[in-house]
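FYI, side chains are in, hydrogens and waters are out, and symmetry mates aren't considered; it's all heavy atoms of this structure.
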Amino acid sequence: MTSPRARWRAVGRAGGGIRLGEIDAAGRLRDERDARAADLAAEVAADPEARWVWSDTGSWYPQLLAAGVRVARCHDLRLCHAILRSSVLVGDDASTLREATAWDEPPPEPDGRGQALFDLDGSAAGVPHDLREVAAEFARQNAALEGASEPARLRLLLAAESAGALVAAEMHAAGVPWSRGVHDGILTQALGPRPRTGELPARLAALAEEVRAALGDAGASLDSQPRLLRSLHRAGVFVDSTSRWELARHEHPVVAPLLAYKKAMRLLTANGWAWMDEWIPRDRFRPVYVPGGVVTGRWASSGGGALQLPRLLRPAVRADPGWRLVVADVAQLEPRILAAMAGDLALADAARGTDLYAGIVSRGILPTRQDAKMALLGAMYGATTGDSGRLVPVLRRAYPRAMGLVDAAARTGESGGVVRTVLGRSSPRPSEAWRDVQSGASDEGADERTAAAARSFARERGRFTRNFIVQGTAAEWALAWLADVRTRLAALPSATSGSPADGVADRAHLAFFLHDEIIVHTPEEQVDAAVAAVRDAAATAGRLLFGGFPIDFRLDLRVSESADKD
DNA sequence: CGGGGCGGCGCG
DNA sequence: AAAGCGCGCCGCCCCG
């Protein structure tokens with residue numbers, strides 16, 4: 001993946017301008033030179049194979065992308081700092097990193113105009129952008145890696161994390177191709193035609209009237225939970241909450257229209273016409289991704305709700321004319337990750353070539369696919385009661401290695417310890433408050449309530465660390481997949497016709513990523529190559545994390561129909 | 001009037 | 001009304 005001759009180059013601020021130079025692992029800079037903001041894109045474009053060291057991808061890359069310049073690889077100091085400073089693989093060698101607190105600043109708020117850094121006077125809060133500080137931090141990180149117990153894993157993680165940051169910026173720039181027309185059609189179907197601002201769509205208004213009629217209360221408020229609860233009680237529906245789960249258990253004429261109303265209202269407020277106008281300019285959805293935004297290493301998002309697009313709206317994702325979408329998601333990613341991490345050959349065998357849950361059923365472990373799914377999710381989440389919790393012991397007998405791994409992670413968390421993913425991302429230490437509660441409960445004379453609360457907090461943390469190792473390693477696999485897809489797509493030729501794009505989107509490109517799913521937008525003539533890239537990258541990711549362990553990562557993959565016709 | 005908590009629900 | 005992890009966002013409601 002990496003050209004052996006690629007050079008590390010650093011870019012940062014100096015004085016009132018921008019300065020760049022070659023950099024080595026010790027943070028020594030050579031061939032430094034100043035660059036005006038207007039020239040930076042040209043400087044970067046002139047060295048397409050360089051590996052760029054910079055403070056924060058979100059502060060530098062959007063402007064380059066806007067100028068049509070893509071970089072092959074980077075080292076995002078902010079993201080890498082966060083990983084190294086808390087990794088148990090680094091240990092005490094991270095002490096200097098922990099002292100460099102300026103690097104713990106959260107990412108700057110993206111302003112959406114992609115001008116922030118170049119116009120700054122350098123006084124703004126956030127991570128340091130000064131080239132000297134960039135070089136010093138790069139040196140600290142390399143020193144921490146030198147002393148790490150498994151540097152190769154960490155290096156892989158840092159590369160994947162940084163590549164993810166590039167992908168996030170590129171996907172924001174390219175956007176998800178989105179048909180406002182299809183979106184509007186879905187809304188109209190579900191809610192009625194778009195009303196004037198301030199008015200309720202017709203179908204929603206009709207549902208509200210149905211609900212009020214069923215309640216026998218013409219003035220019932222449906223949007224205030226406390227008031228709705230009282231109306232329901234007056235009508236004889238004795239629920240403790242107004243959640244879908246609880247309402248659905250009651251036989252009453254109000255239930256069906258109320259559930260329909262809540263569903264429709266949710267669609268209107270979360271992804272209705274106002275959302276469409278704000279987030280889908282010119283038939284592109286441009287969410288703001290936040291790489292490393294979750295402690296487990298998953299991405300978060302800010303604005304637009306990129307990670308919660310309702311499936312109902314999926315048909316609005318439409319390739320441009322002459323282009324196609326390659327949509328791929330990994331079947332049962334987390335259980336497969338667990339099997340591989342634990343070296344559990346029996347679970348890996350159940351996963352081979354099939355739906356993993358079906359594999360568990362066909363081996364006679366559990367009677368139905370639903371049981372298998374519930375049991376496995378329960379094992380990874382720490383369920384102890386209910387259908388799920390009841391089935392976990394069955395898995396414990398069938399797959400002692402896999403279950404032993406998550407059980408051990410839970411015990412570590414309950415006792416205040418730190419767990420880590422395969423590549424070395426580590427869980428946060430327990431908070432001061434958590435430790436106080438635990439030590440308070442073991443003091444002499446602690447009452448039973450205190451002890452019970454401490455046990456409850458301990459188990460809560462155990463469920464978190466239990467899940468952390470699996471969710472976090474799955475996030476690493478997905479990053480490796482994503483990064484390799486990116487590299488493979490970049491090698492494809494640009495579109496011969498119908499290019500929609502500005503910047504990097506003149507050829508097959510990643511358009512969307514959601515934990516275990518990616519969408520590639522590709523010219524028709526490159527569909528086969530894009531599919532191969534997605535498949536080959538999945539195989540590569542598995543080998544990168546788990547070597548020769550016989551686990552396969554099955555993709556559910558489909559290519560969109562020709563988009564030019566409805 | 002803005003901020004934060006809460007209930008609720010969308011996603012994996 | 002969750003049981004059982006991780007998120008973001010909405011409207012309501014209360015508080016200062």
(request) Scan A:G378 against the nucleic acid and name what it touches under 4.0 Å (heavy atoms): base, sugar-phosphate only, or nothing. (result) nothing
(message) Can you tell whether the side chains of A:E432 and A:R435 come within less than 4.0 Å, N to carboxylate O?
(response) yes
(message) Heavy atoms only, 4.0 Å cut-off, all strands: where does A:G293 land among base, sugar-phosphate and nothing?
(response) nothing
(request) Write out the stems for DNA chain C, ordered by first number and formatted as range with range, counting runs of at least 3 consecutive Watson-Crick or G-U wobble pairs under 3.5 Å. (result) B:1-12 with C:5-16
Tell me which donor-acceptor pairs under 3.5 Å the side chains of residues 551-558 of chain A have, and how far apart each pair is, sequence neighbours excluded?
residue	atom	partner	partner atom	Å
A:D552	OD1	A:R336	NH1	3.2
A:D552	OD2	A:G353	N	3.0

(message) Please list all pairs meeting salt bridge (Lys or Arg N to Asp or Glu O under 4.0 Å) that have one or both residues in residues 251-261 of chain A, counting only residues at least two apart or in different chains.
(response) none
(message) Regarding A:S388, tell me which of base, sugar-phosphate or nothing describes its non-hydrogen contacts under 4.0 Å with the strands shown.
(response) base
(message) Tell me every residue that passes ring pair (Phe, Tyr, Trp, His ring centres under 6.0 Å) with A:W273, counting only those two or more places apart in sequence or in another chain.
(response) none
(message) Please classify the nucleic acid contact of A:G304 as base, sugar-phosphate, or nothing, using heavy-atom distances under 4.0 Å.
(response) sugar-phosphate
(message) With a 3.5 Å distance limit and no angle check, can you tell me whether A:D76 reaches the backbone of A:T57 through a side-chain donor-acceptor pair?
(response) yes
(request) If a protein heavy atom is under 4.0 Å from the base, mark B; if only from the sugar-phosphate, S; if neither, -; do that for nucleotides 2-12 of chain B going 5' to 3'. (result) -----SBBBBB
(request) Using a heavy-atom cut-off of under 4.0 Å over every strand shown, decide if A:R227 touches base, sugar-phosphate, or nothing. (result) sugar-phosphate
(message) Could you tell me if A:R85 sits above the aromatic ring of A:W103, with its cationic atom closer than 6.0 Å to the ring centre and no more than 45 degrees from the axis?
(response) no
(request) Could you list where the contact with chain A starts and ends along DNA chain C, reading 5' to 3', using a 4.0 Å heavy-atom cut-off? (result) C:dA1 to C:dC13
